[in-house]
Amino acid sequence: MNRIYIEQLSKHIGKEVTLRGWLYIKRSSGKIKFVVMRDGTGLVQGVIAKSEKSDELFAKFEELTQESSFIMKGKVRKEDRAPGGCELDVSDIQIMQIAKDYPITPKDHGVEFLMDRRHLWLRSSRQHAILRVRHHIIKAIREFFDDGGFLLLDAPIFTPAACEGTTSLFETPYFDLGTAYLTQSGQLYGEAGAMAFGKVYVFGPTFRAEKSKTRRHLTEFWMVEPEVAFSDLDDNMDLAEEFLEYIVQSVLKHRMPELQTLERNTTFLSNVKRPLPRITYDEAVEILRKQGVTFEWGNDIGGTDETIVSEQFDRPVMIHRYPAETKAFYMKRDPKNPKLSLALDVLAPEGYGEIMGGSQREDDLDVLLQRIKENNLPQEAFEWYLDLRRYGSVPHSGFGLGVERTVSWICGLDHVRETIPFARMIYRLTP
RNA sequence: UCCGCGAUAGCUCAAUGGUAGAGCAUGCGGCUGUUAACCGCAGGGUUGCAGGUUCGAGUCCUGCUCGCGGAGCCA
């Protein structure tokens, strides 16, 4: 059977079709009735006009409520007044189930109310647009790496120890082996993959028990992390900007209707083309001081300061060579200035802040051992990782891109909670 | 953990310390082209919880609970 969906309805003008879906909204004007169906792919308005057969249809129309499931038959007609370009002259309605008191009405609702009903909120057109853009971004990420010769390397979710720092880990009992932790990053495993396959990317959910309560934080979020052997910081930045350009331009090419639904101004997105500006941490500090911010060298650049720096540019900006003190143990120091790490952050414009973070990794066994000691990390847990430096160590680098922050920025949202079907936050575990 | 804001009808919000109200939603009625349709009528309240001040508290005070935004930390 060849199922017809609303999305392709304009290809069936003049034909009798059967549509299956849910009632989005209905309107009535005496002897003519309008029934808007959604089927997951789009919306179409069915028209029931007064006729010899309309008494039965009018009765069915009266029964239908918002989100009731039904089957609608009729002839597709070109209609310039309709948003999708066509309408359905309804000849039959078969009700499957009547929804009683659907809680989400077409009017305003608060965040808590909607998040409590996220499983239903997903049905609204705005959420459809966001999750379609999310899907496309993930598709573009996979295309970019798959076509670029990268191997997809799935890292474990259960890990024995922290990748970065020991705070903010979710713990879970693990049989006789004690405690397992949910992964914060697949990076260390990505490095093993890079030494095995040359170029890999890890893509999966990551978990951070940070008690952050902001528009940019989830406790469970998706991250894509490429890792490349024989790659230094400059190579890493080349890859990062090519990658970001690919994603954004692909969304602009394929998901413009969704961005329009979201009323997204795409000026800044169109600017996401190579080369992206690259500034050092020192230069960023200089920008901040010129803007009148008192900033002490060595501090991390916080949210407000990120915005001030990124406002100086019309596209995402890369900041590199951060003070080593604030960065992770596995990042390589700058040979020209050991106070600096060969680290990299990418800040999205319009106040969206950090969407990517990466570095060239420390490839010298002795230096890495020393860093582990300095950070009071348990060396036993990292023996396998140290093996990567014992057996054919090479310069290598990589970065991580946060999927939800990227979706939030591209869609122009004010919170990441709408970028994932079911958000996990410090005070939200349901639905 | 800290700072700030908030909680009133199913939902979104009003209400000088003095009779708790509107829009939407729901129900009933009307309308042959509506686009979050429109018009009329109706039902709908333990003002988050526990105390206190006052002749009188949705409103002022104290504590608690929950939510929202931010800081730190981060993608």
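First the proteins, then the strands, lettered A, B, ... as listed; each starts at 1.
Distance check on atom C1': U62(B) versus G44(B) gives 34 Å, rounded to whole Å. Rounded to whole Å, the C1' atom of C73(B) lies 48 Å from the corresponding atom of U54(B). For the P atom pair drawn from G18(B) and A36(B), the interatomic distance equals 40 Å after rounding to whole Å. With C1' as the reference atom, A22(B) and A9(B) are 11 Å apart, rounded to whole Å. With both ends at atom C1', the span from G43(B) to A25(B) equals 13 Å, rounded to whole Å. Distance noted for atom P between C3(B) and G10(B): 34 Å (whole Å). The C1' atoms of A42(B) and G17(B) are separated by 33 Å, rounded to the nearest whole Å. Across U59(B) and A20(B), the matching C1' atoms stand 12 Å from one another, rounded to whole Å.
Residues Arg20(A) and Thr18(A) bring no donor and acceptor atom of their side chains to less than 3.5 Å of each other. In this structure, a donor-acceptor pair under 3.5 Å is absent between the side chains of Glu210(A) and Thr219(A). Using a 3.5 Å distance cut-off with no hydrogens or angles, the side chains of Asp282(A) and Thr280(A) do not pair a donor with an acceptor. Between the side chains of Ser408(A) and His415(A), no donor-acceptor pair is found at a separation under 3.5 Å. Counting only N and O atoms by type, the side chains of Glu227(A) and Tyr189(A) include no donor and acceptor under 3.5 Å apart.
In this structure, G10(B) and C24(B) make a Watson-Crick or G-U wobble pair, each of the two defining distances being under 3.5 angstrom. Figure legend. U46(B) is base-paired to no nucleotide; pairs are counted as Watson-Crick or G-U wobble with both atom distances under 3.5 Å. Both distances falling under 3.5 Å, in either a Watson-Crick or a G-U wobble arrangement, place C55(B) opposite G18(B). Base pairing annotation: C5(B) forms a Watson-Crick or G-U wobble pair with G67(B), both donor-acceptor distances under 3.5 Å. With a 3.5 Å ceiling on both atom-pair distances, the Watson-Crick or G-U wobble partner of G29(B) is C39(B).
By the 5.5 angstrom centroid cut-off and the 30-degree plane limit, Tyr427(A) is classified as not stacked against the base of G67(B).
Note on Asp363(A) versus Lys332(A): salt bridge recorded, some NZ/NE/NH1/NH2 to OD/OE distance being below 4.0 Å.
Picking from C68(B), C73(B), U1(B) the nucleotide with the shortest atom distance to the side chain of Glu210(A) gives C73(B). The listed nucleotides are G33(B), G69(B), U12(B); the one nearest the side chain of Arg417(A) is G69(B). Of the candidate nucleotides C11(B), C31(B), C74(B), C74(B) has the atom nearest to the side chain of Glu306(A).
Rounded to whole Å, the distance from CD on Glu67(A) to P on A25(B) is 16 Å. Computed from coordinates, the Tyr322(A) OH to A75(B) P distance equals 10 Å when rounded to whole Å. Taking atom CZ of residue Arg27(A) and atom P of nucleotide U32(B), one finds them 17 Å apart after rounding to whole Å. Distance CE (Met115(A)) to P (C68(B)): 8 Å, rounded to an integer number of Å. With rounding to whole Å, Gln66(A) atom CD is found 12 Å from C24(B) atom C1'. With rounding to whole Å, Glu79(A) atom CD is found 19 Å from U32(B) atom P. The interatomic distance linking Leu114(A) (CG) with C24(B) (P) rounds to 20 Å, in whole Å. Between the CG atom of Asn299(A) and the P atom of A71(B) there is a distance of 15 Å, rounded to whole Å.
When heavy atoms are screened at a 4.0 angstrom cut-off, Arg117(A) is found touching no nucleic acid atom at all. Heavy atoms of Glu87(A) sit under 4.0 angstrom from at least one base atom. Within the 4.0 angstrom heavy-atom criterion, only backbone atoms of the sugar-phosphate kind lie near Phe113(A); the bases stay farther away. Note on Gly353(A): nothing from the nucleic acid sits closer than 4.0 angstrom, heavy atoms only. Contact annotation for Asp300(A): backbone-only contact, meaning every heavy-atom pair under 4.0 Å involves sugar-phosphate atoms and none involves a base. Residue contacts for Leu218(A): at a heavy-atom cut-off of 4.0 Å it reaches a base atom on one of the strands shown. If you check every strand for non-hydrogen atoms under 4.0 Å, Ser28(A) touches a base. Heavy atoms of Arg77(A) sit under 4.0 angstrom from at least one base atom. Within 4.0 Å (heavy atoms only), Gln45(A) reaches at least one base atom of the nucleic acid.
Donor-acceptor pairing under 3.5 Å, judged by distance alone, is present between the side chain of Arg405(A) and the base of C74(B). Counting atom types as modelled, Glu112(A) pairs no side-chain N or O with a base atom of G6(B) as donor and acceptor under 3.5 Å. At a cut-off of 3.5 angstrom, counting only N and O atoms as typed in the model, there is a donor on one side and an acceptor on the other between the side-chain of His217(A) and the base of C74(B). Taking 3.5 Å as the limit, the base of C73(B) and the side chain of Ser212(A) contain a donor-acceptor pair of atoms between them. Donor-acceptor pairing under 3.5 Å, judged by distance alone, is absent between the side chain of Thr214(A) and the base of C74(B).
Within the structure, a side-chain polar atom (N or O) of His415(A) is placed less than 4.0 Å from OP1 or OP2 of G69(B). At the phosphate of G69(B), neither OP1 nor OP2 sits under 4.0 Å from any side-chain N or O atom of Arg216(A). For Lys33(A), no side-chain nitrogen or oxygen approaches OP1 or OP2 of U34(B) to under 4.0 Å. When the side-chain nitrogen and oxygen atoms of Lys50(A) are compared with OP1 and OP2 of U32(B), none of them lie within a distance under 4.0 Å.
Residue-to-nucleotide proximity on RNA chain B shows that, of Ile426(A) and Tyr102(A), the 5′-proximal contact is made by Ile426(A). Mapping Phe34(A) and Ile301(A) onto RNA chain B via the closest heavy atom, the residue that lands nearer the 5' end is Phe34(A).
Outside the 6.0 Å centre-distance limit, the rings of Phe150(A) and Phe243(A) are not counted as a close aromatic pair.
Side chain of Glu245(A) to backbone of Arg274(A): a donor-acceptor contact under 3.5 angstrom is found.
Within a 6.0 Å sphere centred on NZ of Lys327(A), heavy atoms belonging to other residues, nucleotides or ligands number more than 12.
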